[in-house]
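Just so you know, ligand 1 is whichever comes first in the structure, and atom 1 is the first atom listed for that ligand.
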Amino acid sequence: MKILLAGATGVVGRRLIPLLVQAGHEVAGTTRRTERADLLRELGATPVVLDVLDADAVHEAVAAERPDAVIHQLTDLSAEDFAANSHLRIEGTRNLVDAARAADVETMIAQSIAWLYVPGDTPAVETDPLDSSLPPYEGIAALEAAVAEMPHGVVLRYGALYGSGTWYASDGAIAERVRANTMREAPSWTSFVHADDAASAALAALDWPAGPVNVVDEEPATTADWLPVYSAAIGAPTPGNAGKHAATTGRPVSNAKALSLGWKPQVASWRTGFSRMNAATDAVTELGTAAEAAGADDAAKANGAAPSR
Ligand SMILES: NC(=O)c1ccc[n+]([C@@H]2O[C@H](COP(=O)([O-])OP(=O)(O)OC[C@H]3O[C@@H](n4cnc5c(N)ncnc54)[C@H](OP(=O)(O)O)[C@@H]3O)[C@@H](O)[C@H]2O)c1
């Protein structure tokens with residue numbers, strides 16, 4: 001298949017390109033920055049320099065590439081600008097869907113999040129309602145609704161991404177908060193997913209039926225469970241109180257649907273994943289990091305500040 005990967009340079013996108021290529025797909029990957037074109041070529045994609053907020057440019061790019069599927073891995077989170085991220089989810093997704101439909105593209109796979117389910121006593125499944133009314137998450141409902149307009153639209157509700165290049169990496173913002181003991185008390189659940197497994201789900205989703213799918217690991221955790229393990233993994237003392245951080249919800253999230261579709265996380269639990277986070281297992285990401293360092297446009301990117309809610 002010919003794939004247009006929007007957000008090809010992000011935490012998931014850069015891991016996904018080699019998976020798509022190895023599976024026999026031809027990949028065109030987007031970035032706004034010409035200096036990242038070499039990174040995309042190294043990873044195996046043809047670079048497409050594009051700002052998805054420019055509707056005309058998106059129409060032109062999709063019409064020119066004529067992809068069989070669009071994979072949307074766009075976020076705007078490096079600078080902790082949640083208004084910009086919401087705007088991207090709303091307008092960027094709108095532009096992508098309109099352009100894809102105009103070009104008779106049937107399939108779109110899009111990144112969403114798994115921590116907006118309304119509170120409940122049981123693990124959240126895809127048919128449970130979301131509460132995306134409050135900032136910074138008002139863009140999620142628009143994103144998911146737009147993708148549902150596609151003949152074949154699959155929404156991947158990712159848990160909290162961890163792994164190299166994420167906020168949870170040892171040089172990331174969550175690690176800094178833990179080291180600084182600035183996390184605030186918030187008894188809550190987090191469902192994690194390693195960024196490599198998030199990428200493998202996006203590849204698999206090309207064959208999944210339309211609709212939302214939770215993409216989380218096997219062990220939803222309370223902060224009291226994961227924080228000591230995480231702290232040990234980054235060599236920091238466990239903070240004296242439980243932490244407020246990204247991706248907290250009032251309930252665990254179920255991955256039963258993804259498992260039933262044949263996806264299985266290679267890192268079944270954050271328990272083992274945290275300790276492997278910065279090991280050589282992230283070869284693809286290391287390649288990307290090296291290429292970016294050579295491009296030298298955004299050394300600060302990996303240290304982008306973490307969100308809170
Ligand atoms: N579920 C989660 O927990 C979750 C999900 C996503 C991100 N995050 C966290 O957020 C942090 C930043 O994520 P990230 O490294 O993936 O970077 P990011 O800055 O959020 O960018 C992601 C991708 O979107 C692209 N993009 C952004 N705005 C665009 C626009 N207007 N037009 C076209 N492309 C656009 C970027 O391309 P450019 O090359 O043009 O910048 C990049 O390819 C990481 O720590 C990550 O862990 C967490």
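Where the criterion is an N or O separation shorter than 3.5 Å, residue side chain and backbone included, L77 meets it with respect to ligand 1. Geometrically, ligand 1 and G10 share a nitrogen or oxygen pair separated by less than 3.5 Å. Ligand 1 has an N or O atom lying under 3.5 Å from an N or O atom of V52, backbone or side chain.
In the vicinity of L74, heavy-atom distances shorter than 4.0 Å reach the ligand 1 atoms 24 (O), 25 (C), 26 (N), 33 (C), 34 (N), 35 (C). Residue contact check: G165 has heavy atoms under 4.0 Å from atoms 44 (C), 45 (O) of ligand 1. Within the listing of ligand 1, atoms 30 (C), 31 (N), 32 (N) sit less than 4.0 angstrom from a heavy atom of D51. Here is the list of ligand 1 atoms found below 4.0 Å of a heavy atom in V11: 14 (P), 15 (O), 16 (O), 44 (C), 46 (C). Set against the non-hydrogen atoms of D76, the atoms of ligand 1 under 4.0 Å away are 20 (O). Close contacts of ligand 1 with A160, meaning ligand atoms under 4.0 Å from a residue heavy atom, involve 3 (O). Interface atoms of ligand 1 facing G159, defined by a heavy-atom separation under 4.0 Å, are 1 (N), 2 (C), 3 (O). Near W115, meaning under 4.0 Å from one of its heavy atoms, ligand 1 places the atoms 1 (N), 2 (C), 3 (O).
Between D196 and R15, at least one side-chain N (NZ, or NE/NH1/NH2) sits under 4.0 Å from a carboxylate O, which counts as a salt bridge. Salt bridge annotation for E126-R157: absent, with no cationic side-chain nitrogen under 4.0 angstrom from a carboxylate oxygen. Under 4.0 Å is where a charged nitrogen must lie from a carboxylate oxygen, and between E218 and K264 no such pair does.
Not close to ligand 1: G172, with no non-hydrogen atom less than 4.0 angstrom away. For the ligand labelled ligand 1, residue G92 lies outside the 4.0 Å heavy-atom shell. Look at Q111 and you'll find a heavy atom under 4.0 Å from some atom of ligand 1. Residue contacts with ligand 1 include A8, since one of its heavy atoms falls under 4.0 Å from the ligand.
A donor-acceptor pair under 3.5 Å is formed between the side chain of D128 and the backbone N or O of V125.
Between R251 and T122, some side-chain heavy-atom pair lies under the 4.5 Å cut-off.
If you check each of T75, L53, T190 against atom 13 (O) of ligand 1, the one with the closest non-hydrogen atom is T75. When L161, V215, V193, L5 are checked for heavy-atom proximity to atom 3 (O) of ligand 1, L161 turns out nearest. When the heavy-atom distances from atom 33 (C) of ligand 1 to T166, T30, L50 are ranked, the shortest goes to L50. Looking at Y158, F192, W167, it is W167 that brings a heavy atom closest to atom 9 (C) of ligand 1.
A side-chain donor from one of N214 and Y117 sits under 3.5 Å from a side-chain acceptor of the other.
Looking at residues two or more places apart in sequence or on another chain, you find a side-chain hydrogen bond (donor to acceptor under 3.5 Å, both in side chains) between S86 and E138.
When all heavy atoms of G139 and I90 are compared, the pair lying nearest together is CA-CG1, 3.7 Å. The nearest pair of heavy atoms linking Y168 to L161 is CD1-O, 3.4 Å.
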inquiry  = Run the side chain to side chain donor-acceptor pair (under 3.5 Å) test on S200 and W263 for me, step by step, so that the C-alpha distance in whole Å, both residues' side-chain angles and the decisive distance to 0.1 Å come before the verdict.
reply    = CA-CA 8 Å; S200 78; W263 176 78; 3.0 Å; yes

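The aromatic rings of Y230 and W226 sit perpendicular to each other, their planes meeting at more than 60°, with 30° as the lower class boundary. Ring geometry, F192 versus W270: the interplanar angle falls from 30° to 60°, so the pair is classed tilted.
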